[in-house]
Amino acid sequence: MGAALPETAPSRLFLSGNEAVALAVRDAGCRVAAAYPGTPATEILEELSRFPDLYTEWSVNEKVSLEVALGASMVGARAFCAMKHVGLNVAADALMTMTVTGTEGGLVIAVADDVGMSSSQNEQDSRFWARFAHLPLFEPADAQESYDMAREAFAVSERFRCPAIVRLTTRICHVKGRVVAGEREAHEPAGFVKDPQRWVMVPGHAKPRVALMYEREEALRAASAQSPFNLLVEGSDRRIGFVTSGPAYMHVRETFPDAPVFKLGQSYPLPLERLREFAVGVDQLLVVEETEPLVESELRAGGIACTGKDVLPRVGELSPDRLRPAVARLRGEEIPVTAQPRLVPQRVFPRPPTMCVACPHLGIYYTLAQLRNLTISGDIGCYTLGAGHPWNALDTCISMGASMGVALGMDKGRGQADAKKAVIAVIGDSTFMHMGMQGLLDITWNRGNVTVLLLDNRAVGMTGGQDNPGTGRDIHGESAQRIDFAKLCEALGVKKERIHTLDPYELPTLFKTLREEIKIPEPSVIITDRPCVLIDHYKPTQPYKVIADKCTGCANCIDVGCPAIHVTRRETQVKPSGKEVELAFVRIETSACTGCGLCVQPCAPEAIVHALPEHPVKFLHAKV
């Protein structure tokens with residue numbers, strides 16, 4: 001996270017793409033900005049929230065954020081919303097009607113694609129949405145273009161009275177560069193003009209506007225052909241000409257500095273005739289795009305010979321290491337071998353992602369791992385890590401809120417093989433409000449036999465601890481209405497006696513409650529109430545240590561999964577019966593321990609006791 005942006009921007013700044021977009025939104029005179037946290041786009045709204053004269057909010061989901069932005073646009077204000085690629089799926093219902101109604105005040109949608117799936121369940125190409133919705137699309141290649149294109153997107157949105165999309169990727173969002181900012185604009189909303197035939201989208205009103213949408217797209221095509229962001233970069237080596245956009249442009253220029261390149265900045269509608277002229281001047285045309293062959297397909301449909309995904313991979317970033325061999329094959333050359341000596345790969349001890357020390361989810365998955373005959377439907381959040389070692393206590397994870405619907409489907413679709421299995425749905429507080437409430441309502445309405453674990457850690461933990469309606473604070477940290485999850489679940493149809501709120505650090509209570517609820521053939525909800533260990537509201541207590549002489553190597557504490565517990569040695573013991581038992585002796589990193597006590601509860605020999613924290617740096621005082 002960068003430092004707060006200044007109220008009056010100096011001529012040069014060092015910003016990430018996310019920070020540059022935020023500054024552009026502010027400088028464009030935007031009045032309302034809304035988003036739902038989602039890596040790699042989260043920081044855009046966090047930066048915007050630092051400007052006091054701009055309304056910002058974390059919305060409960062991406063669809064709501066886009067509808068908030070549309071409402072602001074309807075009254076003539078410039079508006080903005082941001083989301084990651086899967087978030088645009090959630091917002092699509094609003095988007096596909098907005099393209100028919102159009103907008104008044106400039107409305108810009110920043111969508112960040114996670115190319116390479118660093119933190120996402122799929123690799124999705126959001127350029128499809130511009131084509132699907134017939135909307136202008138901008139693709140910045142660095143931080144400066146992120147600023148310039150975001151500002152231009154507001155102007156284009158108002159000129160053509162439609163939303164404009166700025167497509168970022170993880171590389172653009174997080175890499176920093178120099179940005180020269182422009183003057184800040186003042187933009188006063190003109191006010192709402194009643195026009196039911198435009199804003200009330202019944203079929204009789206919508207049908208005539210579809211023709212207007214196609215007329216607008218043709219006008220956008222003509223504007224794209226003249227856009228300064230669609231840039232021809234000359235080159236002396238005309239054996240291959242490149243058509244590319246976004247961060248792939250930087251990779252192409254780095255790898256083939258002498259080749260001619262047509263850089264698409266305002267990439268939809270495609271400036272087809274300019275590309276046709278470019279293709280005539282090169283021997284071969286190679287389209288370098290992440291990740292789908294959209295431009296390649298459109299060029300071929302327009303009668304322009306080109307190549308692309310037949311030599312380039314469809315998954316991940318198109319770095320120089322991937323471009324060089326592809327172009328060599330295209331030229332019929334020997335695939336180049338790096339000039340640097342190849343280093344012998346070193347075996348690195350695997351370190352899969354895990355939960356934090358004292359995470360309130362640890363006890364939940366420890367308990368689930370002890371129970372048998374369960375099918376556990378999971379969801380999107382930190383708690384997805386419950387699928388990993390040592391718990392192996394999560395069986396599915398599909399999309400935001402899917403734990404509910406999947407669990408109900410498992411219940412209703414089960415046969416004899418699953419007749420005796422309990423169905424459990426695990427979902428976090430923010431995810432529940434994002435898209436899980438409807439699923440719980442479906443479970444209660446259709447009398448599903450599902451036990452729901454609602455993990456309330458009072459934060460959107462996976463994306464950095466942002467606030468949500470369950471935290472009692474808004475985006476600025478100010479006091480706000482806090483949702484009562486127990487009352488909410490009761491309102492959604494769960495019987496009051498089937499709703500339990502408990503402390504996930506109290507393993508016996510958690511175990512007993514779970515075991516009882518899964519035996520009752522009706523919907524129940526267990527709400528676990530502990531703050532995320534990374535937010536200010538978490539209060540650590542006295543840490544623990546292991547008395548080495550008392551440790552029997554039973555490894556029960558290891559099964560909790562806390563990363564503060566380290567194995568010091570392993571032994572194989574042969575019991576009198578002849579059975580071999582693997583022992584693991586441990587210590588606790590007391591400087592990391594927060595004193596949650598989870599590891600103490602399964603420790604049979606009582607070898608874990610309170611200790612003073614051990615700091616890695618010790619000060620020695622010289623004697624006077």
Side-chain angles (χ1 to χ4, degrees), residues 17 113 115-116 123 125-127 137-146 148-149 166-175 177 224 227-268 270-272 274-300 304-339:
D113 285 2
V115 177
E123 187 180 59
D125 194 330
S126 294
R127 295 179 301 160
L137 176 69
F138 294 85
E139 291 189 73
D142 57 20
Q144 180 66 63
E145 286 194 345
S146 297
D148 294 338
M149 290 185 183
V166 177
R167 187 230 186 186
L168 309 166
T169 68
T170 302
R171 182 73 55 182
I172 299 302
C173 289
H174 294 155
V175 172
S224 178
S227 173
F229 294 119
N230 292 328
L231 179 66
L232 173 59
V233 181
E234 297 289 352
S236 57
D237 185 357
R238 309 192 72 79
R239 289 177 295 170
I240 293 180
F242 294 88
V243 176
T244 187
S245 62
Y249 166 75
M250 296 298 195
H251 296 315
V252 168
R253 291 296 293 157
E254 176 185 347
T255 314
F256 306 103
D258 298 325
V261 180
F262 196 103
K263 178 186 178 299
L264 293 166
Q266 188 173 337
S267 62
Y268 187 81
L270 204 63
L272 198 60
R274 289 187 64 189
L275 288 164
R276 195 186 307 277
E277 294 173 7
F278 176 70
V280 171
V282 297
D283 298 339
Q284 287 182 287
L285 194 66
L286 177 61
V287 182
V288 180
E289 53 188 330
E290 302 168 340
T291 55
E292 299 283 350
L294 270 73
V295 173
E296 177 187 349
S297 299
E298 290 176 11
L299 290 179
R300 288 177 174 174
I304 301 173
C306 64
T307 189
K309 294 303 180 184
D310 42 355
V311 297
L312 290 168
R314 293 185 66 161
V315 177
E317 295 181 303
L318 297 179
S319 61
D321 289 342
R322 306 182 91 184
L323 287 174
R324 289 190 188 95
V327 171
R329 283 192 295 270
L330 189 60
R331 291 172 174 170
E333 301 171 349
E334 184 177 344
I335 296 177
V337 178
T338 178

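In what follows, residues are counted from 1 in the order of the sequence shown.
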Visitor: Give, for atom CD of Q284 and atom CZ of R239, the distance between the pair rounded to the nearest 0.5 Å.
Guide: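 That separation rounds to 10.0 Å.
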
Visitor: Of the non-hydrogen atoms in Q266 and S227, which two are nearest, and what is the gap between them?
Guide: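 Taking every non-hydrogen atom into account, OE1-OG, 3.2 Å.
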
Visitor: Give the minimum heavy-atom separation between L168 and C173, together with the two atoms involved.
Guide: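 In this case the closest contact between L168 and C173 is CB-SG, 3.7 Å.
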
Visitor: Can you confirm whether R127 sits close enough to E139 that some side-chain heavy atom of one is under 4.5 Å from a side-chain heavy atom of the other?
Guide: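 The answer is yes, as the side chains (C-beta and beyond) meet within the 4.5 Å cut-off.
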
Visitor: Relative to each other, are the rings of F242 and F256 parallel, tilted or perpendicular (30° and 60° limits)?
Guide: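 Plane angle under 30°, so parallel.
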
Visitor: Where is the tightest heavy-atom contact between L272 and E298, given as atom of each residue plus distance?
Guide: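 So the minimum-distance heavy-atom pair works out to CD1-O, 4.3 Å.
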
Visitor: Is any side-chain heavy atom of L137 closer than 4.5 Å to a side-chain heavy atom of R167?
Guide: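 L137 reaches R167 side chain to side chain.
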
Visitor: Just so I know, are the side chains of L264 and L270 near enough to count as touching, which here means a heavy-atom distance under 4.5 Å?
Guide: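 Yes. Closest side-chain heavy atoms under 4.5 Å.
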
Visitor: Does D237 form a salt bridge (Lys or Arg N to Asp or Glu O under 4.0 Å) with R331? I'd like the steps, not just the answer.
Guide: CA-CA 13 Å; D237 185 357; R331 291 172 174 170; 3.6 Å; yes

Visitor: Are V288 and H251 side-chain neighbours, meaning at least one heavy-atom pair lies under 4.5 Å?
Guide: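 No, too far: nothing below the 4.5 Å cut-off.
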
Visitor: Please confirm whether the backbone N or O of V115 pairs with a side-chain atom of D113, one donor and one acceptor, at under 3.5 Å?
Guide: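 No: the side chain of D113 does not pair with the backbone of V115.
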
Visitor: Donor-acceptor pair, distance only, cut-off 3.5 Å: does the side chain of R276 make one with the backbone of I304?
Guide: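 Flag not set: sc R276 to bb I304 has no pair under 3.5 Å.
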
Visitor: So which atom in I240 and which in A259 form the shortest heavy-atom distance, rounded to 0.1 Å?
Guide: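 So the minimum-distance heavy-atom pair works out to O-CB, 3.8 Å.
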
Visitor: Do V282 and P260 come within less than 4.5 Å of each other through their side chains, counting heavy atoms only?
Guide: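 Of all side-chain heavy-atom pairs linking P260 with V282, at least one is under 4.5 Å.
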
Visitor: Got a donor-acceptor contact below 3.5 angstrom from the E289 side chain to the V295 backbone?
Guide: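 Pair found, side chain donor or acceptor close to backbone of V295.
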
Visitor: Where is the tightest heavy-atom contact between K309 and P293, given as atom of each residue plus distance?
Guide: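 Minimum heavy-atom separation between K309 and P293: CG-CB, 3.6 Å.
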
Visitor: R300 vs D310, test: salt bridge (Lys or Arg N to Asp or Glu O under 4.0 Å). Steps then yes/no.
Guide: CA-CA 13 Å; R300 288 177 174 174; D310 42 355; 3.8 Å; yes

Visitor: Between N230 (side chain only) and G265 (backbone N and O only), is there a donor and an acceptor less than 3.5 Å apart?
Guide: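 Yes.
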
Visitor: Compute whether any side-chain donor of one residue and acceptor of the other, for T291 and E123, lie under 3.5 angstrom apart.
Guide: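 Looking only at side-chain atoms, E123 and T291 do not form any donor-acceptor pair under 3.5 Å.
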
Visitor: Looking only at non-hydrogen atoms, find the nearest pair between P271 and S224 and report the distance.
Guide: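 It is CD-OG, 3.8 Å.
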
Visitor: Taking atom OG1 of T255 and atom CZ of R324, what is their separation to the nearest 0.5 Å?
Guide: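 Rounded to the nearest 0.5 Å, the OG1-CZ separation comes out at 5.0 Å.
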
Visitor: Between R238 and G281, is there a donor-acceptor pair closer than 3.5 Å when you use the side chain of the first and the backbone of the second?
Guide: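 Confirmed, R238 side chain pairs with G281 backbone.
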
Visitor: Determine, step by step, whether R171 and E290 satisfy the salt bridge (Lys or Arg N to Asp or Glu O under 4.0 Å) criterion, reporting the C-alpha distance in whole Å, the side-chain angles of both residues, the deciding distance to 0.1 Å, and the verdict.
Guide: CA-CA 12 Å; R171 182 73 55 182; E290 302 168 340; over 6 Å; no

Visitor: Report the distance from atom CZ of F278 to atom CG of L299, rounding to the nearest 0.5 Å.
Guide: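 Here the interatomic distance stands at 10.5 Å.
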
Visitor: Are E317 and P247 close enough that some pair of their side-chain heavy atoms sits under 4.5 Å apart?
Guide: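 No, their side chains stay 4.5 Å or more apart.
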
Visitor: Would you check if L323 and L312 make a side-chain contact, meaning some heavy-atom pair closer than 4.5 Å?
Guide: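 The answer is yes; the side chains approach within 4.5 Å.
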
Visitor: Mind checking whether L285 and F262 have side chains closer than 4.5 Å, heavy atoms only?
Guide: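 Contact flag for L285/F262 side chains = no.
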
